[in-house]
**Student:** 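To start, I am sharing the structure in question, which I have written as structure tokens.
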Amino acid sequence: MHRRSALRPHLLAALGAALLLTSCSPAGADDRRTTDGRAPHWEKGTGAPEAATFMKVAVPESATEVKGAVQINPQEDIHLLSFVTDERTAVRIGEDLRSEEPLRTRNQATPSSSELFGHLGLTEPGSEKGVRWAGVCPPCVGDNRRSKVQWIEIHVVVLGADRTRVYLQAF
């Protein structure tokens, strides 16, 4: 009997962790989503407007080189958005994500195992030197504007002469 009661806290902890993980997943079926093991694919006809709408990010009117895409995946779709703006605007967009920490510099380039932004013809932001980054779980910080977004991150790369590339990724 002692062994059973010793296992009970571990079983409850595992059950709690499983419930927590599933509670962060969006409910309901999506007709584009598959669970039959098919590979991820880029949704045709979607781009920056759809990604910005999902992320609830306003692309600045003065932005240039605006690009976006949506990758359909069996569990969570990935939305990409990138544009060039001035550094002050890029920082404001980062602050609007309500991350617990402000944009912070990554000292080393970190190569990505996925080539998501390569689909847009861009270098992956993690491979850029001096990139600043912030990420947040909107539901975790009470951002009701982005209640359907489980994770959003921003990478900011200064290109020079008041030109800064903003990379946003969300699912």
Side-chain angles (χ1 to χ4, degrees), residues 12-30 32-33 40 43 46-63 66-117 119-120 122-158 164-171:
L12 290 173
L15 179 60
L19 288 172
L20 179 63
L21 287 174
T22 58
S23 70
C24 288
S25 298
D30 186 316
R32 300 169 303 151
R33 197 173 315 291
E43 186 169 34
T46 61
E50 292 79 10
T53 298
F54 176 77
M55 295 180 197
K56 304 288 191 255
V57 171
V59 176
E61 288 184 27
S62 61
V66 179
K67 300 177 180 194
V70 178
Q71 185 184 63
I72 305 303
N73 291 291
Q75 293 185 349
E76 296 171 324
D77 298 340
I78 298 173
H79 300 258
L80 303 178
L81 179 63
S82 181
F83 51 86
V84 174
T85 188
D86 62 89
E87 187 172 358
R88 192 172 0 166
T89 301
V91 170
R92 272 198 312 267
I93 290 168
E95 290 169 349
D96 183 58
L97 298 182
R98 301 183 183 170
S99 175
E100 292 178 359
E101 296 184 37
L103 287 169
R104 54 201 173 278
T105 303
R106 289 195 167 171
N107 294 330
Q108 289 182 328
T110 54
S112 173
S113 60
S114 62
E115 293 292 322
L116 296 172
F117 284 95
H119 176 74
L120 300 176
L122 300 170
T123 304
E124 296 302 315
S127 66
E128 297 282 348
K129 216 171 191 180
V131 65
R132 289 178 290 163
W133 173 89
V136 66
C137 164
C140 300
V141 296
D143 185 352
N144 294 328
R145 301 167 302 158
R146 297 182 176 100
S147 62
K148 293 185 180 183
V149 178
Q150 296 303 309
W151 179 257
I152 188 168
E153 62 186 47
I154 185 171
H155 291 85
V156 175
V157 178
V158 175
T164 301
R165 176 163 300 280
V166 174
Y167 295 84
L168 291 153
Q169 178 178 336
F171 60 85

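Heads up: numbering here begins at 1 and tracks the sequence.
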**Student:** Nearest 0.5 Å, what's the CG-CG distance between D143 and D96?
**Tutor:** 7.5 Å

**Student:** Kindly give the heavy-atom pair with the smallest separation between V66 and A48, and that separation in Å.
**Tutor:**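 What the structure gives for the nearest pair is CG1-CB, 3.6 Å.
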
**Student:** Got a second to check how far T105's OG1 is from K129's NZ, nearest 0.5 Å?
**Tutor:**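 Rounded to the nearest 0.5 Å, the OG1-NZ separation comes out at 13.0 Å.
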
**Student:** Output yes when a side-chain donor or acceptor of T164 lies under 3.5 Å from a complementary backbone atom of D86, and no otherwise.
**Tutor:** no

**Student:** Working to the nearest 0.5 angstrom, can you tell me the gap between I154 CD1 and R132 CZ?
**Tutor:**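 Nearest 0.5 Å value for the CD1-CZ distance: 9.0 Å.
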
**Student:** Determine whether V157 and T123 make a side-chain contact, defined as any pair of heavy atoms from C-beta on separated by less than 4.5 Å.
**Tutor:** no

**Student:** Below 4.5 Å, heavy atoms only, C-beta onward: do F117 and Q169 meet side chain to side chain?
**Tutor:**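 Result yes, sub-4.5 Å side-chain heavy-atom pair found.
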
**Student:** Taking all atoms of both residues into account, what is the closest heavy-atom pair of A134 and R104, and its distance?
**Tutor:**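 Scanning both residues, the minimum pair turns out to be CA-NH1, 4.1 Å.
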
**Student:** Are side-chain heavy atoms of P138 and R98 found at a separation under 4.5 Å?
**Tutor:** no

**Student:** Once you round to the nearest 0.5 Å, how far does OG1 of T46 lie from CG of D77?
**Tutor:**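 T46 OG1 to D77 CG: 9.5 Å, rounded to 0.5 Å.
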
**Student:** Looking only at non-hydrogen atoms, find the nearest pair between S147 and P139 and report the distance.
**Tutor:** O-CG, 4.0 Å

**Student:** For L80 versus L116, what's the shortest heavy-atom pair and its separation?
**Tutor:**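 Shortest heavy-atom separation between L80 and L116 comes out as CD1-O, 3.4 Å.
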
**Student:** Out of curiosity, R146 CZ to W151 CH2, how far, rounded to the nearest 0.5 Å?
**Tutor:**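 Between R146 CZ and W151 CH2, I get 13.0 Å after rounding to 0.5 Å.
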
**Student:** Give, for atom CG of L120 and atom OH of Y167, the distance between the pair rounded to the nearest 0.5 Å.
**Tutor:** 9.5 Å

**Student:** Are side-chain heavy atoms of V156 and V91 found at a separation under 4.5 Å?
**Tutor:**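 Side chain of V156 against side chain of V91, heavy atoms only: no contact under 4.5 Å found.
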
**Student:** Side chains of K148 and K56, heavy atoms from C-beta outward: is any pair under 4.5 Å?
**Tutor:**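 No. Closest side-chain heavy atoms not under 4.5 Å.
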
**Student:** Side-chain contact test, heavy atoms from C-beta onward, threshold under 4.5 Å: evaluate it for I93 versus F83 and give yes or no.
**Tutor:** yes

**Student:** From the options T53, V166, V70, V59, select the one residue that forms a side chain to side chain contact (heavy atoms under 4.5 Å, CB included) with L81.
**Tutor:** V59

**Student:** Does some side-chain heavy atom of H79 sit less than 4.5 Å from a side-chain heavy atom of E50?
**Tutor:**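 With C-beta onward as the side chain, the pair stays apart.
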
**Student:** Would you check if R165 and L122 make a side-chain contact, meaning some heavy-atom pair closer than 4.5 Å?
**Tutor:**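 The answer is yes, as the side chains (C-beta and beyond) meet within the 4.5 Å cut-off.
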
